[in-house]
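Side chains included, hydrogens not; waters and symmetry mates left out as well; all remaining heavy atoms used.
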Amino acid sequence: MTKSKDLLLKSGFSKRYQGFQYLALCVELAAEDDSRLCALVKEIYGPVAHKYQVPYRSIERDIRTARDHAWQNGGKAFLEEISGGTFYTLPTVGELIEILAQHLAEAS
């Protein structure tokens, strides 16, 4: 299993959601080169959508669904721990990818 998938499991994400696979790859791409976060749709969603042969809009939607599940299952506390901040609302998908990618890059 990849480090990004391990990180997602620790964050409360479930493999039952397709968004889990998408998010794992998004985090890996962002961790490899954080400048990709500046062009999220083109540099991250596009390659993931191409790999899984789905429209790029499905990527963000499915990640949101997985995020919502994780948030209710301990993900909020874990994200606050690794980011050093407090969340009053759900992070956007872009923020989520950034937080997880930064943690993954620091752990490597």
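Taking 4.5 Å as the limit, some side-chain heavy atom of L40 sits within range of a side-chain heavy atom of I97.
Criterion: ILVMFWY side-chain heavy atoms under 4.5 Å apart, direct or through other members. Under it, Y17 and I59 are not part of a common hydrophobic cluster.
Applying the side-chain contact (heavy atoms from CB on, under 4.5 Å) test between C26 and each of L37, L100, I63 identifies I63 as the sole match.
How far OG1 of T89 is from CD of E95: 7.5 Å, rounded to the nearest 0.5 Å. Here S11 contributes atom OG and L96 contributes atom CG; the two are 7.5 Å apart, rounded to the nearest 0.5 Å. The distance from atom NZ of K5 to atom CZ of F20, rounded to the nearest 0.5 Å, is 6.5 Å.
A search for side chain to side chain donor-acceptor pair (under 3.5 Å) contacts involving T86 returns nothing, not counting sequence neighbours. Scanning for side chain to side chain donor-acceptor pair (under 3.5 Å) contacts around D34 gives an empty result, with sequence neighbours left out. By the side chain to side chain contact (heavy atoms under 4.5 Å, CB included) test, E28 pairs with T2, S4, L25, sequence neighbours left out. Not a single side chain to side chain donor-acceptor pair (under 3.5 Å) links S83 to another residue, sequence neighbours left out. Listed by chain and residue number, E106 satisfy the side chain to side chain donor-acceptor pair (under 3.5 Å) test with Q102 (two or more places apart in sequence, or in another chain).
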Worked verdict on Q21 versus K15 for side-chain hydrogen bond (donor to acceptor under 3.5 Å, both in side chains):
CA-CA 7 Å; Q21 300 298 328; K15 290 182 183 180; over 6 Å; no
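Here salt bridge (Lys or Arg N to Asp or Glu O under 4.0 Å) pairs that include residues 42-54, with residues two or more places apart or in two chains, number zero. Listed by first and then second residue, the ring-ring contact (aromatic ring centres under 6.0 Å, His included) pairs that reach into residues 42-64 are Y22-Y52, sequence neighbours excluded.
Of all heavy-atom pairs spanning R36 and L29, the tightest one is NH1-O, 2.8 Å. The two residues P55 and A49 make their nearest non-hydrogen contact at C-CB, 4.0 Å.
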Give every donor-acceptor pair under 3.5 Å between a side-chain atom in residues 64-82 and any protein atom, sequence neighbours left out.
from	atom 1	to	atom 2	distance (Å)
T65	OG1	R61	O	3.2
R67	NH1	P91	O	2.7
H69	ND1	N73	ND2	3.3
H69	NE2	N73	ND2	3.3
N73	ND2	H69	O	2.7
K76	NZ	F87	O	3.3
E80	OE2	F87	N	2.9

